[in-house]
Amino acid sequence: MLKHRTKRVAARDARAVKRLAEIEASIVTLSDDDLLDLADIFKGELRTPLSESASAEMAKRKISL
């Protein structure tokens with residue numbers, strides 16, 4: 001029983017890591033205008049993973065709101 005649970009948790013974690021990589025890759029491929037729109041959506045909100053990823057990409061591109 002423990003082996004099945006361990007495998008299930010490992011599979012879930014692997015899917016989560018893959019999904020996060022896909023989300024980060026899609027943020028990187030956004031045009032500057034779309035990236036600024038995404039950052040604007042989360043402006044004023046508490047720091048979220050999406051806003052942090054958008055901010056990091058904006059810093060790489062040296063653009064700001």
Side-chain angles (χ1 to χ4, degrees):
M1 188 69 141
L2 185 57
K3 286 182 182 181
H4 294 292
R5 177 187 284 179
T6 303
K7 286 181 183 181
R8 189 174 64 243
V9 169
R12 183 194 66 205
D13 292 349
R15 286 190 306 272
V17 168
K18 182 179 180 215
R19 186 69 173 154
L20 179 58
E22 291 170 348
I23 291 167
E24 289 175 343
S26 66
I27 290 172
V28 169
T29 61
L30 290 173
S31 69
D32 286 351
D33 289 336
D34 290 338
L35 179 59
L36 290 170
D37 288 342
L38 179 64
D40 193 36
I41 290 169
F42 290 101
K43 185 176 77 172
E45 296 284 325
L46 295 174
R47 299 297 289 180
T48 65
L50 278 175
S51 68
E52 289 177 7
S53 293
S55 294
E57 185 60 27
M58 288 171 53
K60 286 181 194 174
R61 296 182 193 187
K62 298 181 175 142
I63 58 175
S64 63
L65 286 175

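Residue numbers run from 1 in the order of the sequence given.
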Find the distance between CD1 (Ile27) and CG (Asp34) and round it off to the nearest 0.5 Å.
-> 12.0 Å
Roughly how far, to the nearest 0.5 Å, is CG of Leu35 from CD1 of Ile63?
-> 4.5 Å
Results of side-chain hydrogen bond (donor to acceptor under 3.5 Å, both in side chains) for Asp37 - residues two or more places apart only | none
Give every residue pair that meets the side chain to side chain donor-acceptor pair (under 3.5 Å) criterion with at least one member in residues 56-65, sequence neighbours excluded.
-> Asp32-Arg61, Glu57-Arg61
Applying salt bridge (charged side-chain N to carboxylate O under 4.0 Å, His left out), name anything that partners Asp40, two or more places apart in sequence or on another chain.
-> Lys43
Residues which pass side chain to side chain contact (heavy atoms under 4.5 Å, CB included) with Thr48, listed by chain and number, not counting sequence neighbours = Phe42, Leu50, Ser51
Show every donor-acceptor pair shorter than 3.5 Å between a side-chain atom in residues 4-24 and any protein atom, with sequence neighbours excluded, or say none if there are none.
| from | atom 1 | to | atom 2 | distance (Å) |
| --- | --- | --- | --- | --- |
| Thr6 | OG1 | Leu2 | O | 2.8 |
| Arg19 | NH1 | Glu22 | OE1 | 3.4 |

